[in-house]
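Notes follow once the structure below has been shown.
Side chains included, hydrogens not; waters and symmetry mates left out as well; all remaining heavy atoms used. Read the numbers this way: they start at 1 and go in the same order the structure lists the ligands and their atoms. For clarity, every value in this text was computed on a predicted model and none was experimentally measured.
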Amino acid sequence: MREPPRATTPPDKARLGLKKPKKKAAGIPAVLSSAYHGLRKMGATKTIKTLVTVNQQEGFDCPGCAWPDPEHRTTFEFCENGAKAVADEAMKAHVDSNFFTHHSVQELAELSDYELNRKGRLAEPMYLAKGESHYKSITWDAAFEKISQALRALSSPHRAVFYTSGRTSNEAAFLYQAFVRAYGTNNLPDCSNMCHESSGKGLGQTIGIGKGTVTLDDFNHAKVIMVIGQNPGTNHPRMLTALRDAKKMGAKIIHVNPLPEAGLTRFKHPQDYMKMDLTSTQLADLHLPVRIGGDAALLKGLIKLQLEHDTIDEEFVNQYTSGFDSMKRSALGTGWDEILADSGIDRELIERASDMLSSSDATIACWAMGLTQHRNGVAVIQEVVNLLLLGGHVGRLGAGFCPVRGHSNVQGDRTVGIWEAPSRAFISRMEEGLGFNIPHEHGYDVVHSIEAMAKGDVDVFFCMGGNFLSATPDTDFTAKAIANIGLTVQVSTKLNRSHLITGKEALILPCLGRTESDIQHGHRQFVTVENSMGIVHRSQGTLKPASTMLRSEPWIVASLAEATLGVEHLPWMDMASQYDSIRDLMEASLDGFTDYNARVRSDNGFALPNPPRDHRRFNTEDGLAHFTTHELPDVSVESDQFVLMTLRSHDQYNTTIYGLHDRYRGVHGHRRVIFMNADDMVARGWKSRTKVDITSHFNGEKRVSLEWLLVPYEIPKGNLAAYFPEANSLVPLQSTADISNTPTSKWIVCTLKTSSVIDGTEEE
Ligand SMILES: Nc1nc2c(c(=O)[nH]1)N[C@H]1C(S)=C(S)[C@@H](COP(=O)(O)OP(=O)(O)OC[C@H]3O[C@@H](n4cnc5c(=O)[nH]c(N)nc54)[C@H](O)[C@@H]3O)O[C@H]1N2
Ligand SMILES: Nc1nc2c(c(=O)[nH]1)N[C@H]1C(S)=C(S)[C@@H](COP(=O)(O)OP(=O)(O)OC[C@H]3O[C@@H](n4cnc5c(=O)[nH]c(N)nc54)[C@H](O)[C@@H]3O)O[C@H]1N2
Ligand SMILES: [Mo]
């Protein structure tokens, strides 16, 4: 019997170096960093050849974030972190059968996440047999035979679960959900369940569409842009260009964040250096350093002031909305003491923000994980909706809602059917197009999947990309739950911890990445993706695949479908041989995809219908946009407790660790750090690099994570921050947002104590 491999990353050996946090994002260091990651991983010629095809009409969509491309593109339509994502995918395929012969899964699990990723691309299909400690190579046919046999043997299709991460193309995702539903289940959890699910639910209930309502052009007409709970300098660097341009046109920016976050302080566009323009732009006009979880109180305060100053668009409110009176009573009835205490923001700053909002006839609100990953994620987003509805900021040029999506095609995946809880309307449209019946019963989301695995209710777990073990909460619990599964399958590009913490048997199916050319039956294929603003466009890889054994995601899905179900439902393999035929079926099965193959071939793609934006039409039961009324959440904790948020460093893409630096925050060489307010440290007699153990508290349960180094930081008192995925073992599985069931990765109540071992690393 093999020992269970370790589920959490060991710390990297390098010592912690600390520098002053940066005030300015991008600039020359960003140019150098892109070049460095590219050159080290790809070499010079490939770096240049590759980077000039990112986000071009004929090239591939950047596998980084979902921020849209401008209509008129420059040769350099990528950013530092996009360049890192591309370089990371373009690594050589060293992870082959020879590699696995020399390393057991136990041994590999002792490597850090950073080291695992550095091993290179996965080269060939691999199989880990029951009780074995080494993966062995397997043919594609034999792999599909194993999975289809396991699927056909299940007593119920609901004992299989099919996860999706957000890089999967529309074509692959559509075919995948068609297969899963033909097989007989809606068990389609995805990364969105841990990400913008709260936005989807919050917006869907109030404005009748679970997506944003702005286009990139709106940024050029906005008067005020709020950036709430988001760190674009690191996670959506190209958004800084849009913010800079908006500022040039006169927009004011309000940044709501417990941390100052470099990108919003000052921004220097890397390409301006080529024009010898050496000035940088101050982006945020106002920073509101809200306490973690204090946004609901802050937003109530802003709404209260808007109401008191009577700066509301009465015509809009009367004609297009419902629920105003109750919302108004609640906001006016909330006392300032509570607003100030819970938000941690001075009245004077809230008044200033309110004045900026009052004088704006075009306000955009952008947000990301700082709002969604909270217990009240849905409610707090609905407070943002309340605030903007008051001024009629929807369906108007320069105004609207902008949930900034994460993975480059996470929005598209949901549009085409990766959805565990499909609506009635969605199901009937899909059945009409597919020509067969699909299950109506809702399936498992991410958290429910883990609960089912823990109970022994899952026999086959298939993952289309991602790193389920490390991205999900409660790492140690989740690892045990996964070990109960009979067969786990990962369709992946790079080695990660989910290949090591597996079910009793496991398969790795290596696939082509977004950047690689995809040839089916001698014809080069393209795929399509949807960006954060609902534009669907082409993406065509240009690079030579890292290994001849890699297969495209649509081909993998079709092969599995045909092996499992035959051709009774659809001619799976025929469809995968020519992606136009997948798109034809999408046109027949989805709203808004009329003339898909033709329209997606136009230069900038096409925009999906967006009723609130296009016509101020709200697809709610009463056809109106809804004001909603919410109590403030209880944000009090015990006197010795802190609230911890988990976030991304500048050198990572979710669970993929590119490097050990967080340049903007001044942290170098080490990721097991915990950011803390200096006064809080002094009060406890702690210093920079004091080593502490963290205990999280939830419903009387405790979770402990040992040996973290303290870093004094500009963060509100009582708040802490640490990196994801290292801190995931502290996130309780049951601690989820109401309605969206999203893990509360930004609200972890914990206590700290000094570790017995004191580390004496030196300052750089
Ligand atoms: N380079 C790079 N790009 C990425 C990713 C990546 O890992 N690396 N990930 C992609 C994905 S999937 C996603 S979802 C996005 C994530 O993009 P972000 O949401 O920007 O990512 P996080 O690092 O989780 O940062 C959350 C921000 O919210 C703030 N915050 C935390 N709690 C609160 C709160 O209670 N209130 C407020 N107002 N702010 C709070 C934090 O200080 C931080 O600035 O980025 C995408 N792009
Ligand atoms: N504590 C905490 N937890 C979080 C978060 C947080 O802020 N805090 N954020 C959450 C969020 S917003 C998200 S989106 C999730 C992310 O969850 P996931 O999407 O599951 O995780 P990733 O790290 O993005 O997945 C990386 C892996 O995807 C594979 N991959 C990369 N490109 C491709 C491709 O083109 N095709 C295929 N098939 N595979 C590919 C590679 O093998 C790589 O190792 O994590 C969530 N977890
Ligand atoms: Mo995400």
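Ligand-side atoms of ligand 2 in range of Cys195: 12 (S), 14 (S), range being under 4.0 angstrom from any heavy atom. The atoms of ligand 2 that sit less than 4.0 Å from any heavy atom of Tyr163 are 17 (O), 18 (P), 19 (O), 20 (O). Close approach of ligand 2 to Cys511 is summarised as follows: ligand atoms under 4.0 Å from at least one heavy atom of the residue are 36 (N), 37 (C), 38 (N). Each of the atoms 42 (O), 43 (C), 44 (O) of ligand 1 lies under 4.0 Å from some heavy atom of Glu261. Within ligand 2, counting atoms from 1 as listed, the ones closer than 4.0 Å to a heavy atom of Val491 are 37 (C), 38 (N), 39 (N).
Residue Lys746 places at least one N or O, backbone or side chain, under 3.5 Å from an N or O of ligand 1. At least one N or O atom of Gly466 sits closer than 3.5 Å to an N or O atom of ligand 2. An N or O contact shorter than 3.5 Å links Asn231 to ligand 1 by distance. Of the N or O atoms in Arg167, one or more lie within a sub-3.5 Å distance of an N or O in ligand 2. Residue-to-ligand polar distances place Gly229 within reach of ligand 1: an N/O pair is separated by less than 3.5 Å. Residue Asn81 has at least one N or O atom closer than 3.5 Å to an N or O atom of ligand 1. Ligand 2 has no N or O atom lying under 3.5 Å from any N or O atom of Met194, backbone or side chain. At under 3.5 Å, a nitrogen or oxygen of Lys494, whether backbone or side chain, sits near a nitrogen or oxygen of ligand 2. Between Ser165 and ligand 2, an N or O atom pair is found at a separation short of 3.5 Å.
Annotation: Phe461 is in aromatic contact with Phe468 [ring centroid separation under 6.0 Å]. For Tyr653 and His407, the distance between ring centers is under 6.0 angstrom. Less than 6.0 angstrom separates the ring centroid of Phe144 from the ring centroid of Trp555.
The nearest heavy-atom contact from the protein to atom 16 (C) of ligand 2 is Asn654 ND2, 3.6 Å. Atom 32 (N) of ligand 1 has its closest protein heavy atom at Met645 SD, 3.5 Å. The single protein non-hydrogen atom nearest to atom 21 (O) of ligand 2 is Asn467 N, 3.6 Å, given as residue, atom name and distance. When hydrogens are left out, the protein atom nearest atom 30 (N) of ligand 1 is Gly370 CA, 3.6 Å; that is the closest non-hydrogen contact. Nearest non-hydrogen protein atom to atom 41 (C) of ligand 2 is Thr493 OG1, 3.4 Å. In this structure, atom 37 (C) of ligand 2 lies nearest to the protein heavy atom Glu553 OE2, 3.1 Å. The shortest contact between atom 9 (N) of ligand 2 and any protein heavy atom is with Arg648 NH2, 3.1 Å. When hydrogens are left out, the protein atom nearest atom 24 (O) of ligand 2 is His407 NE2, 2.9 Å; that is the closest non-hydrogen contact. Protein heavy atom nearest atom 10 (C) of ligand 1, with residue, atom name and distance: Tyr653 OH, 3.5 Å. Among protein heavy atoms, atom 23 (O) of ligand 2 sits closest to Thr655 OG1, 2.6 Å. Ranking protein heavy atoms by distance to atom 42 (O) of ligand 1, first place goes to Asn257 OD1, 2.7 Å. Among all non-hydrogen protein atoms, the one lying nearest atom 39 (N) of ligand 2 is Gly465 CA, 3.3 Å. Of the protein's non-hydrogen atoms, Gln652 O, 2.7 Å is the one closest to atom 8 (N) of ligand 1. Closest to atom 45 (O) of ligand 1, if we only count protein heavy atoms, is Asn235 CB, 3.3 Å. Protein heavy atom nearest atom 36 (N) of ligand 1, with residue, atom name and distance: Asp295 OD1, 2.6 Å.
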Would you sort out whether Phe99 and Tyr135 count as a ring pair (Phe, Tyr, Trp, His ring centres under 6.0 Å), showing the intermediate values? CA-CA 9 Å; Phe99 172 90; Tyr135 274 97; over 10 Å; no
Going through the checks in order, is the side-chain hydrogen bond (donor to acceptor under 3.5 Å, both in side chains) test met by Thr372 and Trp367? CA-CA 8 Å; Thr372 64; Trp367 69 87; over 6 Å; no
Salt bridge (charged side-chain N to carboxylate O under 4.0 Å, His left out) between Arg414 and Asp190, intermediate numbers included: CA-CA 9 Å; Arg414 182 59 62 88; Asp190 72 340; 3.3 Å; yes
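Comparing Ser745, Ser552, Cys191, Pro725 by heavy-atom distance to atom 2 (C) of ligand 2, the nearest is Ser745. If you check each of Gly166, Ser532, Ala66, Pro258 against atom 40 (C) of ligand 1, the one with the closest non-hydrogen atom is Pro258. Among Arg291, Gln230, His236, Met369, the residue whose heavy atom lies closest to atom 15 (C) of ligand 1 is His236.
At least one heavy atom of Gly293 sits less than 4.0 Å from an atom of ligand 1. Not a single heavy atom of His196 lies less than 4.0 angstrom from ligand 2. Under the 4.0 angstrom criterion for non-hydrogen atoms, Gly406 is not in contact with ligand 2. Put simply, no part of Gln490 is less than 4.0 Å from ligand 2, judged by heavy atoms. The closest approach between any non-hydrogen atom of Lys84 and ligand 1 is not below 4.0 Å.
His255 and His287 have parallel rings, their planes meeting at less than 30° on a 0 to 90° scale where 60° marks the start of perpendicular. Using the six-membered ring where Trp is involved, Tyr176 and Phe462 have ring planes that are tilted, between 30° and 60° apart. Relative orientation of the Tyr723 and Phe675 rings is perpendicular, given thresholds of 30° and 60° on the angle between their planes.
Only the side chain of Asn496 comes within contact range of ligand 2, with a heavy atom under 4.0 Å; no backbone atom does. Counting heavy atoms under 4.0 Å from ligand 2, residue Ala471 touches it through both backbone and side chain.
Gln373 has its side chain out of reach of Trp747: every pair of non-hydrogen atoms, C-beta onward, lies at least 4.5 Å apart. The side-chain heavy atoms of Cys195 and Met369, taken from C-beta on, include a pair separated by under 4.5 Å.
Side-chain polar atoms of Thr655 and Asn467 form a donor-acceptor pair below 3.5 angstrom. Side-chain N/O atoms of Asn170 and Thr528 include a donor and acceptor closer than 3.5 Å. A donor atom on one side chain and an acceptor atom on the other are not found under 3.5 Å apart for Thr9 and Tyr114. Defined by atom type and a distance below 3.5 Å, a donor-acceptor pair is present between the side-chain atoms of Arg672 and Ser705.
Salt-bridge check for Lys494 with Glu89: failed, with every basic side-chain N at 4.0 Å or more from each acidic carboxylate O. Between Glu530 and Lys211 a salt bridge is recorded (basic side-chain N to carboxylate O distance below 4.0 Å).
With Phe477 as the aromatic partner, Arg703 does not meet the cation-pi criteria of under 6.0 angstrom to the ring centre and within 45 degrees of the ring axis.
For the atom pair Phe526 CZ and Arg538 CZ, the distance stands at 6.0 Å (nearest 0.5 Å).
Within the 3.5 Å criterion, the main-chain N or O of Ile715 finds a donor-acceptor partner in the side chain of Asn677.
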